[in-house]
Amino acid sequence: MLDIFIMLVAVLIIVLVLLQSGKSAGVSSAFTGGNGGLNLFSNMKERGPEKIISNLTLVMGILFFVLVIVKLIVTQK
């Protein structure tokens, strides 16, 4: 039963990540300094639906790790 929850959360994380808009011109520009400098740690304010999707992705990621740790604890007994 726990395996099903882990798979569902994993699928939800994938869907939520795909729904997020790109925050820069690309991953390579974050490391090479394209478009005006290094923007790897730039502060981007999210508003409206973008903020909800971002927060939901964070919550699902935390939930995923908690479920995996619980599964490891349960299976060791």
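Just so you know, residue 1 is the first one in the sequence shown, and it goes up from there.
The salt bridge (charged side-chain N to carboxylate O under 4.0 Å, His left out) pairs that include a residue from residues 49-76 are D3-K71, where partners are two or more places apart or lie in different chains.
Note: the hydrophobic cluster containing V68 also contains V9 (ILVMFWY, side chain heavy atoms under 4.5 Å, direct or indirect links). I4 and I73 end up in different hydrophobic clusters when Ile, Leu, Val, Met, Phe, Trp and Tyr side chains are linked at under 4.5 Å. Connection of V70 to I6 is established within a shared hydrophobic cluster, with ILVMFWY side chains joined at heavy-atom distances below 4.5 Å, either directly or through further cluster members. Cluster annotation: I62 and V15 are assigned to the same hydrophobic cluster (Ile/Leu/Val/Met/Phe/Trp/Tyr, side-chain heavy-atom contacts under 4.5 Å, transitive). No chain of hydrophobic side-chain contacts below 4.5 Å, direct or via other Ile, Leu, Val, Met, Phe, Trp or Tyr residues, connects I14 to I53.
Taking L12 as the reference, M60 meet the side chain to side chain contact (heavy atoms under 4.5 Å, CB included) condition, with sequence neighbours excluded. A search for side chain to side chain contact (heavy atoms under 4.5 Å, CB included) contacts involving F5 returns M1, L67, not counting sequence neighbours.
Rounding to the nearest 0.5 angstrom, the gap separating the CD1 atom in I13 from the CG atom in L56 is 9.5 Å. A distance of 11.0 Å separates CG in L58 from CG in L16, rounded to the nearest 0.5 Å. To the nearest 0.5 Å, atom CD1 of residue I52 and atom CG of residue L19 are 12.5 Å apart.
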